[in-house]
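Remarks on the structure that follows.
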Amino acid sequence: MTSNKKVLAFIEETKALCDPKEVVWVDGSEEQLEAFRKQAVEEGILIKLNQEKLPGCYLHRTTQNDVARVEGRTYICSKNKDDSSPINNWMESGEAYDMLKKLFKGCMKGRTLYVIPYSMGAVGSKFSKIGIELTDSIYVVLNMAIMTRVGQKVLDVLGDGDFVKGLHSYAELSEEKRYICHFPEDDTIISINSNYGGNVLLGKKCFALRIASYLGKKEGWMAEHMLILGVQYPNGETKYIAAAFPSACGKTNLAMLIPPEVYRKKGYKVWCVGDDIAWIRVGEDGRLYAVNPENGFFGVAPGTNEKSNPNALHTTQKNTIFTNVAYNADTGTVWWEGLDKNPPKNGVDWKGNPWNGDTKDADGKPVKGAHPNSRFTAPAVNCPCLSKEFENPDGVPLSAIVFGGRRAKTAPLVYQSTSWNNGVFVGSSMASETTAAATGAVGVVRRDPMAMRPFVGYNMGDYFAHWIEMGKKIKNPPKIFNVNWFRTDDEGHFIWPGFGDNMRVLDWILARCEDKVDAVETPIGYVPKAEDINIEGLDDITTDTVKGLLEIDKETWKEEAEGIEKFYGELTRVPQELKDELAALKKRLDA
Ligand code: GTP
Ligand code: SPV
Ligand code: MN
C-alpha cells in the first residue's frame, strides 16, 4: 500500500498501544466498500434501507449519549496555554498525550484497525492536504469514504510526504472518558469514546478547520466554516459567495438554494460548491479563491423537505448513510420531522423504540421520531446543483463574504460592512443562538466569531489578526456582509420566509459588489433601501415588512456594543484594529 515510513511507524505505534486483532487498509475500491457495508449490516451497525426506493442507502443509530459534537470535551493541546483561546478548552500537549495513552491502551482488543488514507481537496491538487485516520469504527470508514477522497490513490500521491495523523477509537463510548484532542503543533488529532460526526470524521472539523486554521495562519491562507455558492446570471456569468453561519444556521440550505420563480423565469441559477468548509487563498490576480475540501455533505435532516431544500433531499436518495432519523418499517425508508405530513404508522424512532407520529412519553409529551441533530451523509456528486467548479483545484473567485447567525432581534436582514477591517470586526462580533448541533442548551445567544468559535485551532485574537493580515495581501478584496434570516415577530414567528427567498438578499449583495445599487448609511454599516429588496411574488411580505426587517434600533445596538466589548475582554491578543472599530461603532451610536 505504501512505503512511507512515517505512515508505517504510526500504524506500528498504534498497534502496540491499542492491540487490534488485525489491520485493514481502506483502498477506496467499490468492492471493498461494499464488503464493509455488508459486514456493518451483519454486525447490526447499519440497517439496509429499501434498495428500490433508496439504492445504496443505510440507516445508523448512535448510542443516546453520543448525538452531537461535544465542545466541552474538545481540546486544543499546545505547549503554551495562550496559543489556544481562553474560550476554548486547553491541555498541555505532554499531559494530553499521557492521559490519552492510558485511555487507548488495549482499547481495540478483538477489533479491526482500519487505515483510512484521505485527501482534503481534489487528490493531488497543490492546495489539497492528506490525512491518515486510524480507527476501529467501520461506521467512520463508510462515512469518511463519502465525505472525503479515500484510498490507494491518496497514498500514491502522498509518497514519502507528510500528513495529518488522526487516531480514533470508539472505545467504550463512555461520556466521561470522551476526548477530542488536537495538537496543531504536531499535525495530530486524537479522538476517543465517541462515534458521532464531527467528533470522529477527523477530516471534517478536526482537520479541515482546527488543524487547517493553524496551518493557514502559518502558511498565509484561511480555513473557514463557510459554504460556497455561485449565482449564475441570465447572461451566463457566475459570481461566487462564501458564507459563514454557525452550526445548524442554514449553510447547507443556502448552498443548495433554488431561486424563487421570478428569478428562475429570468434565467438565474444557483450552484453549490460547498456547504460547510472553505479553504481560501489569494490568487495571482489579487482576489480570494475558495475550494471546498470535502467530497460529500453531512447535513441536518430535520426540516429538509421538497419545499425547503429539494436539492438536498434529492442528494440523499442514493448511496447515503442516515444517522439517527426515524425508520419506516412498512416501507424500509426513513423519516424526520419536517419531511412531510406522513410520519410512519409502523415506525422506529432514533432510539430504536416503536414509534408513530402520535407517540407520547410518560408525561404525555410528543416524542420525536428523529433526533434534532440527525444527519445524512451524502456524496457531493448526487447534488443536482453541484457546481462544475467543484473539482477545480484553483477554486472559485469570491465576490462577497457573508456572515450570519440566528438573532431574534438586533441584526437586520442584511447589512454591508464599510471596509475589510470593518468586515472583520463584524465577523469577530457575530453572535447566534445555540443549536442542537452541539451538546448543551439550545437557543442561548453566544458570541461565535466567524462561526469559528468551536473550530479555531489556536488563539482567537491571533485568528482575528490573521484576518486583518490577509486583508493587506488581497488587492481586490471581496465585500463583507452580515445576514440574519431569523428575526422574529412578537409571537416568535420568523418574519422573513428564508430558504429559496434568500436569493433576494444575495441579489442585493451582489449588486452592491458591482456598485449597481445604492444603500443607506447607518451606524453599523450600509443597509438596503427597503424598495431595493425584490419582493415580487411574495404573498405575505410588503415593503413595510422589509423596512421592519432592516430596522436598526440604536438602544439595542448600544447593548450589543457592550456585549462585544465584554466578549473582547474574555479574549487575549485582540488586534488594536478591531478595538478601534468597536470604539468607532460606539461613537457612531452615540452621535
Ligand atoms: P451544520 O451542518 O451544522 O453546519 O448546519 P448548516 O449551517 O448547514 O445548517 P442547515 O442548512 O442544515 O440548516 C439548519 C436548520 O436551519 C434547519 O432546520 C433548517 O430548516 C433551518 N434553516 C435553514 N435556512 C433557513 C432559513 O432561511 N430560514 C429559516 N427560518 N430556517 C432556516
Ligand atoms: C457542524 O456542527 O457544524 C456540522 C456537523 O457541520 S459536525 O460534523 O458534527 O461538526
Ligand atoms: Mn458545520
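Whatever order the structure lists them in is the order used to number ligands and atoms, beginning at 1. This chain uses plain numbering: 1 for the first residue, then up along the sequence.
- Looking at ligand 1, you won't find any N or O of Gly498 less than 3.5 Å from one of its N or O atoms.
- Closest to atom 1 (C) of ligand 2, if we only count protein heavy atoms, is Lys205 NZ, 2.9 Å.
- By the 3.5 Å distance cut-off applied to N or O atoms, Phe245 is not counted among the residues near ligand 1.
- Neither the backbone nor the side chain of Glu337 has any atom closer than 4.0 Å to an atom of ligand 1 (non-hydrogen atoms only).
- Atoms of ligand 1 lying under 4.0 Å from at least one heavy atom of Pro246, given by number and element, are 7 (O).
- Residue contacts with ligand 1 for Asp276 involve side-chain atoms from C-beta outward but no N, CA, C or O (heavy atoms, distance under 4.0 Å).
- Considering backbone and side-chain atoms together, Lys205 places no N or O closer than 3.5 Å to any N or O of ligand 1.
- Looking at Asp275 next to ligand 1, no N or O pair under 3.5 Å apart turns up.
- Checked by atom type, the side-chain pair Asn484/Trp496 shows no donor-acceptor distance below 3.5 Å.
- Within the structure, the closest approach of His225 to ligand 2 falls below 4.0 Å when heavy atoms are considered.
- Heavy atoms of Phe499 found under 4.0 angstrom from ligand 1 belong to the backbone as well as the side chain.
- Gly198 N, 2.9 Å is the protein heavy atom nearest to atom 9 (O) of ligand 2.
- Here Ser308 has no heavy atoms under 4.0 Å from ligand 1, in either its backbone or its side chain.
- Nearest residue to atom 23 (C) of ligand 1 from Asn253, Asn373, Thr252 is Asn253 (criterion: closest heavy atom).
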